[in-house]
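Report on the structure given below.
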Number of protein chains: 2
Amino acid sequence: MDKVKQIIKDKGQRFTSQKKEILNVLQQKPQTVFEIYTAVNSKKNHMNKVTVYRILTSFLELGIVNKVQFNDKEARFELSNSGHHHHLVCEVCGLIEDIQLPENIFLKEVKNKTDFKIKSHSLEFFGICDRCQ
Amino acid sequence: MDKVKQIIKDKGQRFTSQKKEILNVLQQKPQTVFEIYTAVNSKKNHMNKVTVYRILTSFLELGIVNKVQFNDKEARFELSNSGHHHHLVCEVCGLIEDIQLPENIFLKEVKNKTDFKIKSHSLEFFGICDRCQ
DNA sequence: AGTATTATTGCAAACAGATTGCAATAAGTC
DNA sequence: GACTTATTGCAATCTGTTTGCAATAATACT
Ligand SMILES: [Mn+2]
Ligand SMILES: [Mn+2]
Ligand SMILES: [Zn+2]
Ligand SMILES: [Zn+2]
């Protein structure tokens, strides 16, 4: 949290109560704009949806959050402090689990097959979680 | 093409000139709704954008096309006759290349690490193509 | 070929998610 | 506490997608 605050202030931007609230909500799990908006407004204080969009866009530019896109569903935002990883998405209950993989197992394979210079990738799994089976 | 025609007629649906045109356009490469709309309208005959949406939705349900989502960009549609595969996307020129990988190299790894029953996955690579380097 | 049936199309309107302009507000500095 | 200016809230706008409905055209049947 203090680290995030520093990133914000280093850019001459302000650490507002709205930004604090959104950061708190994001601690839980990756969430859509709508979910974040709903969560911050469940409390007494009101926050405009436009503000949620603007803060998330700013966080994205500062590298504080990542945007994750699961197939055709709405994009989700998650704190980027946990580093690069992939996801398992339960198609029944919507649970999202992080997973870390030894990536060279397929990156090596890709290098063999193409001349593309790979910069990044996204790998997401869809299925049914333990509890929903 | 005749195979697609059969799929459509088997469902009691009609093989219209609009569907034919969209199928032709999709032969080239995976495209966004806007691109498809533009392509079919570049010729003399007009096709409404709503029609493009409706036909693509229908093709999706019939399994004639697949929807591919690259990060936060618009979804693209590609003919599904080539089977499951992944993509390399050039961040400079937008070129999309298909790539096939031996999937068990990472599916096995995932099974070891989680109780999720995996049904499907998406794996897309982003980088710079041969020509753009 | 002509007629009947009904899926499909085009057009206008509605909808949903995201963005923008601007005046009022409040975070940070002195 | 006063000053500067990034940020917020609100209304309006924009962009992508969906829906209702009457007109059209693909198919099946005489
Ligand atoms: Mn995650
Ligand atoms: Mn492809
Ligand atoms: Zn589940
Ligand atoms: Zn390229």
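So you know, we letter chains A, B, ... as the sequences are listed, proteins then strands, and number each from 1. This is a predicted model, so every value here is computed, not measured. Heavy-atom basis, side chains included; hydrogens, waters and symmetry copies ignored.
- To the nearest angstrom, P of C:dA27 lies 11 Å from NZ of A:Lys9.
- Heavy atoms of other residues, nucleotides or ligands lying less than 6.0 angstrom from NZ of B:Lys119 number 12 at most.
- B:Gln18 has a side-chain polar atom (N or O) that falls below the 4.0 Å cut-off from OP1 or OP2 of C:dT9.
- When the C1' atom of D:dA26 is taken as reference, atom NZ of B:Lys5 falls 11 Å away, rounded to whole Å.
- Counted by atom type alone, A:His86 and A:Glu103 present one or more donor-acceptor pairs between their side chains at under 3.5 Å.
- Listed candidates were C:dG28, D:dT7, D:dT19. Nearest to the side chain of A:Gln13 is D:dT7.
- Side-chain atoms of A:Arg14 come within donor-acceptor range of the base of D:dT5, with a qualifying N/O pair under 3.5 Å.
- When the side-chain nitrogen and oxygen atoms of B:Thr51 are compared with OP1 and OP2 of C:dG10, one or more of them lie within a distance under 4.0 Å.
- Between A:Lys11 atom NZ and C:dG28 atom C1' there is a gap of 19 Å when expressed in whole angstrom units.
- Of all nucleotides listed (D:dA11, D:dT18, C:dT9), D:dA11 comes nearest to the side chain of A:Val50.
- Atom CD1 of A:Ile55 is separated from atom P of D:dA6 by 16 Å (rounded to the nearest Å).
- In this structure, A:Lys19 atom NZ and D:dG9 atom P are separated by 12 Å, rounded to whole Å.
- Between B:Ser17 and A:Met47, the residue anchored closer to the 5' end of DNA chain D is A:Met47, taking for each the nucleotide with the nearest heavy atom.
- Side chains of A:His121 and B:His87: no donor on one and acceptor on the other come within 3.5 Å.
- Applying the 4.0 Å criterion to OP1 and OP2 of C:dC11, one finds that B:Asn48 has a side-chain N or O inside that range.
- Here D:dT8 presents its P atom at 11 Å from CG of A:Leu56, a figure rounded to the nearest Å.
- Between A:Thr16 and the phosphate of C:dA26, there is no side-chain N or O to OP1/OP2 separation shorter than 4.0 Å.
- Between the OH atom of A:Tyr37 and the C1' atom of C:dT19 there is a distance of 16 Å, given to the nearest Å.
- In terms of position on DNA chain C, the residue among A:Arg54 and B:Arg54 whose nearest nucleotide sits closer to the 5' end is B:Arg54.
- Among the protein residues, A:Phe15 comes within range of the sugar-phosphate backbone only, with heavy atoms under 4.0 Å from sugar or phosphate atoms but none that close to a base.
- A donor-acceptor distance shorter than 3.5 angstrom exists from the side chain of B:Asn41 to the backbone of B:Met47, with no hydrogens or angles considered.
- Using a 4.0 Å heavy-atom criterion, one finds that A:Lys49 contacts no nucleic acid atom at all.
- Annotation: cation-pi geometry satisfied between B:Lys49 and B:Tyr37 (NZ/CZ under 6.0 angstrom from ring centroid, within 45° of ring axis).
- Between the CD atom of B:Glu35 and the P atom of D:dT15 there is a distance of 17 Å, rounded to whole Å.
- OP1 or OP2 of D:dT18 has not a single side-chain nitrogen or oxygen of B:Tyr53 nearer than 4.0 Å.
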Does the pair B:Arg76 and B:Glu35 meet the rule for a salt bridge (Lys or Arg N to Asp or Glu O under 4.0 Å), with working shown? CA-CA 9 Å; B:Arg76 290 175 175 273; B:Glu35 287 170 337; 3.0 Å; yes

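- For D:dC10, one of the phosphate oxygens OP1 or OP2 lies less than 4.0 angstrom from a side-chain nitrogen or oxygen of A:His46.
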